[in-house]
Amino acid sequence: MIEQHFKEELARATRLFWKKELTPGQDSGDLSIRDPETGLIYICPRPNETLMIPNWGVITAEDMVVMDIDGNLMEDSGILATVEAPTHLHIYRARPNVRAIIHSHAVWSSAFAVAGRNIPLVLAEQALFLGGEIICAEYGKVGSEKLAENMTRALGQDKMAVLMRNHGAVCVGESMDEAFIVSDFLEKGAQTTLLAHLIATPIEISPDDILDDSLL
């Protein structure tokens, strides 16, 4: 059963996505959420002749697409899902705890993506919110199954974010709010690391050295 409130939640999140400058414009990047009860996926649309997307700031709930975990459309609206739907579906299949996905084209994380470099663990918050070092997945063409497989493999079972080589990044969460928090810390980690390189080589830390034993 399709729930209107999930469409509205996703539309609000997608407009926030634009406001937070996680996308440069048009339909760059995309978001989705999963209904934990039905398993249905609510995902951003693909532009067509009747649905022009100058940027995600103008999107509405009526524009959102609903599909099942196999990619079958649940509505005959004439609107297709984003071309990156395979990556969203692959991640949802591999990570049952994930309820929201943000695929961003933000500047700082994209700098690491175009260099094909991992973002090292240099800040405590990266371990706490991102799962440690952020891996840059192997390259795959936009919308391809290969890209989806590469992203899901690099994300694994414990990472909350992963880089798409020469493309952008993906952040996940048990809610859309958590996915945005992950995205914020991903950008801060990338920006801080790049700025630190102007001074010296950033000092990496071990996940085991983050919290004092008395706090565990």
Side-chain angles (χ1 to χ4, degrees), residues 1-35 38 40-92 98-111 113-114 137 139-148 151 161-173 175-177 179-180 182-184 186-187:
M1 178 179 177
I2 295 173
E3 299 283 355
Q4 181 65 19
H5 70 90
F6 283 120
K7 289 187 174 185
E8 292 170 355
E9 177 186 350
L10 183 58
R12 285 193 299 271
T14 305
R15 293 192 293 268
L16 178 60
F17 181 64
W18 165 251
K19 185 177 180 180
K20 290 171 73 68
E21 299 184 351
L22 297 174
T23 168
Q26 296 191 318
D27 64 327
S28 297
D30 34 67
L31 299 81
S32 68
I33 54 176
R34 170 163 56 181
D35 179 354
T38 65
L40 292 180
I41 311 299
Y42 296 73
I43 192 167
C44 286
R46 187 186 311 182
N48 60 37
E49 293 180 356
T50 60
L51 178 61
M52 305 302 292
I53 303 176
N55 61 67
W56 286 124
V58 300
I59 210 72
T60 68
E62 288 66 35
D63 301 322
M64 296 307 179
V65 176
V66 186
M67 59 174 51
D68 65 17
I69 197 65
D70 296 316
N72 299 307
L73 298 180
M74 297 290 101
E75 296 178 304
D76 185 18
S77 64
I79 303 176
L80 297 176
T82 168
V83 295
E84 295 299 359
T87 291
H88 290 253
L89 295 176
H90 268 260
I91 292 172
Y92 283 127
V98 168
R99 235 207 90 216
I101 296 174
I102 295 175
H103 161 214
S104 65
H105 287 189
V107 173
W108 297 101
S109 54
S110 292
V114 300
Y139 182 74
K141 293 181 180 179
V142 171
S144 68
E145 288 292 322
K146 180 179 179 181
L147 174 61
M151 293 295 291
V162 63
L163 300 177
M164 309 173 84
R165 209 194 85 191
N166 294 97
H167 193 147
V170 164
C171 298
V172 303
S175 67
M176 187 57 74
D177 286 342
F180 271 115
V182 169
S183 181
D184 289 341
L186 174 66
E187 282 304 288

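Values below: all heavy atoms of this structure, side chains included; hydrogens, waters and symmetry mates excluded.
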Test your reading of the model: is there a side-chain donor-acceptor pair from Arg99 to the backbone of Arg34, 3.5 Å cut-off? yes
Checking side chain to side chain contact (heavy atoms under 4.5 Å, CB included) for the pair Arg46/Val65: CA distance, chi angles, key distance, verdict? CA-CA 9 Å; Arg46 187 186 311 182; Val65 176; over 6 Å; no
Spatial distance of atom CD1 (Ile69) from atom CD1 (Ile41) [nearest 0.5 Å]: 4.5 Å
Should Lys7 and Ile2 be marked as a side chain to side chain contact (heavy atoms under 4.5 Å, CB included) after you check the CA-CA gap, both sets of side-chain angles, and the distance that decides it? CA-CA 9 Å; Lys7 289 187 174 185; Ile2 295 173; 4.2 Å; yes
State, to 0.1 Å, how close Val182 and Ala161 come at their nearest heavy-atom pair, and which atoms those are. CG1-CB, 4.0 Å
Would you say the side chain of Ile102 lies within less than 4.5 Å of the side chain of Met176, judging by non-hydrogen atoms? yes
Applying the side chain to side chain contact (heavy atoms under 4.5 Å, CB included) test to Phe17, which of Asn55, Ile59, Leu31 qualifies? Leu31
Can you find a heavy atom in the side chain of Val58 that is under 4.5 Å from one in the side chain of Trp18? no
Donor-acceptor check, side chain of Arg165 to backbone of Ala113, threshold 3.5 angstrom: yes or no? no
Gap between atom OG of Ser104 and atom CG of Leu163 - 0.5 Å precision: 9.0 Å
Intermediate values then yes/no, side chain to side chain contact (heavy atoms under 4.5 Å, CB included), Leu73 and Leu80: CA-CA 8 Å; Leu73 298 180; Leu80 297 176; 3.9 Å; yes
Between Ile33 and Phe6, the two heavy atoms sitting closest are CD1-O, 3.3 Å
Any side-chain heavy-atom pair from Thr82 and Asp27 closer than 4.5 angstrom? no
Is it true that, when you exclude Gln26 itself, more than 12 heavy atoms of the residues, nucleotides or ligands shown sit nearer than 6.0 Å to its CD? no
Report the C-alpha distance between Leu89 and Met67 in whole Å, list the side-chain angles of each, state the deciding distance to 0.1 Å, and finish with yes or no for side chain to side chain contact (heavy atoms under 4.5 Å, CB included). CA-CA 10 Å; Leu89 295 176; Met67 59 174 51; 3.9 Å; yes
For the residue pair Val114 and Asn166, what are the closest heavy atoms and their distance? O-ND2, 3.8 Å
Ignoring hydrogens and angles, tell me if any N or O in the side chain of Trp56 forms a donor-acceptor pair with the backbone of Ser28 under 3.5 Å. yes
At their closest point, which heavy atom of Pro86 faces which heavy atom of Val83, and how far apart are they? CD-O, 3.3 Å
Heavy-atom nearest pair, Glu84 first then His167, reads OE2-CE1, 3.1 Å
Between Glu187 and Trp108 (side chain of the first, backbone of the second, donor and acceptor by atom type, cut-off under 3.5 Å), is there such a pair? yes
Taken to the nearest 0.5 Å, the spacing of Met64 CE from Glu9 CD works out to 10.5 Å
Side-chain donor-acceptor pair present, His103, His88, cut-off under 3.5 Å: no
If you count heavy atoms of other groups shown closer than 6.0 angstrom to CD of Glu21, is the number above 12? no
Say you draw a straight line from CG of Leu22 to CG of Asp184; how long is it, rounded to the nearest 0.5 Å? 7.0 Å
Partner set under side-chain hydrogen bond (donor to acceptor under 3.5 Å, both in side chains) for His90, not counting sequence neighbours: Glu145
Closest approach of Pro45 to Asp63 (non-hydrogen atoms, all atoms of both residues): CB-O, 3.2 Å
Looking at CG of Leu147 and CE of Met164, how far apart are the two atoms once the value is rounded to the nearest 0.5 Å? 4.0 Å
Rounded at 0.5 Å granularity, tell me how far CE in Met151 sits from NZ in Lys146. 14.0 Å
Backbone N or O of Ala179 within a donor-acceptor pair of the Ser183 side chain at under 3.5 Å? no
